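Below is one structure; the comments refer to it alone.
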Amino acid sequence: MIETRTPDVDGLGEVVDVLRAWQDDAAPLQLHPGDVGWFWRFGAPATAVALRTWRRDGRVVAVGLLDGPDLLRLAIAPDQLHDDELALRLADDATRPERGVLGEGGASVEAPAGARVDAHLAAAGWRVDERWALLRRDLAVPVEEPGVRVREVGPSEAGAWAETLRSSFGGTRAAPERWHALATGLPYADAHCLVLHDGPPVDGPLVGGPSDGEAADAGLAPAVAVIGVWSAGPGRPGLIEPMGVHADHRGRGLGRAVTLAGLAALRELGASSALVATPASNVGGVATYVAAGFTHLPERFDRRRQVG
């Protein structure tokens, strides 16, 4: 028997641990503990409310994150990707609003490439929707020096992080308080948020260096790019989420530079590789990752339920 549940805040640790254990270079790219860590910027209670677990005989066999009211992002235990009973239950829960997963109207499901649930969604009338470029870079060998000023974000740099992120994505939801919230999340124990400052590199380590106060006293140049990197533990693939360049500083190779800095930080955390997913329509972003040594994995398509 399969049960669908919404965890409480005390159950978030179990969900994060399960997602960590499912990350494998031989498995399809799917919901990562870093995705939950990035969502944590809205706080632990909101993160718990947005999660769903599917259990069989007490074991968690699938996890879903409601990344907004109309998008369900799925992770499935690697040995259950082709299990028909689980796939049918996931598709039914996504399709039927009374199940408490997705509401009525238009909605999308993101599932691991090749998972059996895709066939059941298609049979229920869900259409192929947005194409995603999936990319991977192996971290077995050291990463090239980025040659830029990169520092780990601390409390006093949360404002610079938020402003750069807001400019990068043209949104208004980035705020210093969001960074403070995600930094309290369980996944952040295996993560780094980095900010790239304009100007030539300084002597000493690129990540770390002077304290935030010392940096301000020294007149550190403005922040021009940011990146968040999330490890799933030694020997497992890590995730980039997010990466962005300030709108006033594009076209200077800063996206590649901050990505290389993030890759170096992931390698120090013991990650076997780095993964990233971006809309296939984001041609510039894809080119940036390829320039930083990423190679393409097979594309993934969301499934979309149309209104009515």
Side-chain angles (χ1 to χ4, degrees), residues 2-23 29-55 60-77 86 89-112 115 117 121 126 129-130 132 162 165 169 171-175 177-191 193 228 230 232 239-242 275-279 300 302-305:
I2 297 173
E3 296 179 291
T4 309
R5 300 180 186 174
T6 300
D8 57 19
V9 170
D10 290 338
L12 289 173
E14 179 190 25
V15 173
V16 171
D17 287 344
V18 164
L19 289 175
R20 283 193 181 111
W22 291 350
Q23 306 305 312
L29 189 157
Q30 60 178 345
L31 187 71
H32 190 279
D35 292 309
V36 176
W38 177 236
F39 194 93
W40 214 295
R41 68 195 187 278
F42 301 115
T47 302
V49 168
L51 286 166
R52 300 291 183 273
T53 61
W54 285 264
R55 295 174 182 266
V60 177
V61 290
V63 173
L65 173 67
L66 290 167
D67 203 352
D70 62 351
L71 173 60
L72 175 65
R73 305 178 62 190
L74 288 172
I76 301 170
L86 175 61
R89 177 58 181 264
L90 292 171
D92 279 350
D93 281 358
T95 300
R96 301 183 184 185
E98 67 271 18
R99 297 282 182 87
V101 179
L102 288 167
E104 297 181 356
S108 296
V109 173
E110 170 195 299
V117 65
L121 289 169
W126 294 65
D129 192 41
E130 188 168 21
W132 287 84
L165 197 64
F169 293 97
T172 59
R173 302 184 73 180
E177 294 78 14
R178 302 289 196 205
W179 181 85
H180 288 288
L182 76 84
T184 68
L186 296 175
Y188 200 71
D190 297 312
C193 288
W230 307 82
L239 181 75
I240 292 178
E241 180 64 77
L275 301 171
V276 68
T278 190
R300 183 180 66 204
D302 286 353
R303 286 280 177 183
R304 179 78 181 170
R305 180 184 65 198

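Side chains included, hydrogens not; waters and symmetry mates left out as well; all remaining heavy atoms used. Owing to the predicted nature of the structure, the values given are computational and were not obtained by experimental measurement.
Counting only distance, with no hydrogens or angles, the side chain of R178 and the backbone of A175 share no donor-acceptor pair below 3.5 Å. Formation of a donor-acceptor pair under 3.5 Å by the R303 side chain with backbone atoms of A111 is not found in this model.
Residues W126 and A107 come closest through the heavy atom pair CZ3-O, 3.4 Å. What you find for P279 and E130 is that their closest heavy atoms are CB-OE2, 3.5 Å. Closest approach of P97 and T95 over heavy atoms only: CD-O, 3.2 Å. When all heavy atoms of A94 and L72 are compared, the pair lying nearest together is CB-CD2, 4.3 Å. Minimum heavy-atom separation, P242 to L165: CG-CD1, 3.6 Å. The two residues G64 and L31 make their nearest non-hydrogen contact at C-CD2, 4.5 Å.
Here the rule is side-chain contact (heavy atoms from CB on, under 4.5 Å) with W54, and of L90, I76, V63, V60 only L90 fits it.
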Next on the checklist: Could you walk me through whether W230 and D190 satisfy the side-chain contact (heavy atoms from CB on, under 4.5 Å) test, starting with their C-alpha distance in whole Å, then the side-chain angles of each, then the deciding distance to 0.1 Å, before giving a yes or no?
Outcome noted: CA-CA 6 Å; W230 307 82; D190 297 312; over 6 Å; no
Item to check | Evaluation steps, side-chain contact (heavy atoms from CB on, under 4.5 Å), between T4 and R99 | outcome: CA-CA 9 Å; T4 309; R99 297 282 182 87; over 6 Å; no
Checklist entry - Stepwise, does the salt bridge (charged side-chain N to carboxylate O under 4.0 Å, His left out) test hold for D92 with R89? => result CA-CA 5 Å; D92 279 350; R89 177 58 181 264; over 6 Å; no
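The side-chain heavy atoms of L186 and W40, taken from C-beta on, include a pair separated by under 4.5 Å. Annotation: side chain of L86 is not in contact with side chain of V117 (no heavy-atom distance under 4.5 Å). At least one side-chain heavy atom of C193 sits under 4.5 Å from a side-chain heavy atom of L182. Two residues are said to be in side-chain contact when any heavy atoms from C-beta on lie closer than 4.5 Å; Q30 and L74 fail this criterion. With contacts defined as side-chain heavy-atom distances shorter than 4.5 Å, the pair Q23/P33 qualifies. Contact of the R300 side chain with the L29 side chain is registered, since non-hydrogen atoms from C-beta on lie closer than 4.5 Å. In this structure, the side chains of L51 and L12 come closer than 4.5 Å at one or more pairs of heavy atoms.
From L65, atom CG reaches atom CZ of R52 across 10.0 Å, with rounding to the nearest 0.5 Å. Distance CG/D93 to CD/E98: 9.5 Å, rounded to 0.5 Å.
Annotation: side-chain contact (heavy atoms from CB on, under 4.5 Å) contacts of D129 (sequence neighbours excluded): S108, D302, R304.
The residues E14 and R55 are annotated as salt-bridged, a charged nitrogen and a carboxylate oxygen being separated by less than 4.0 angstrom.
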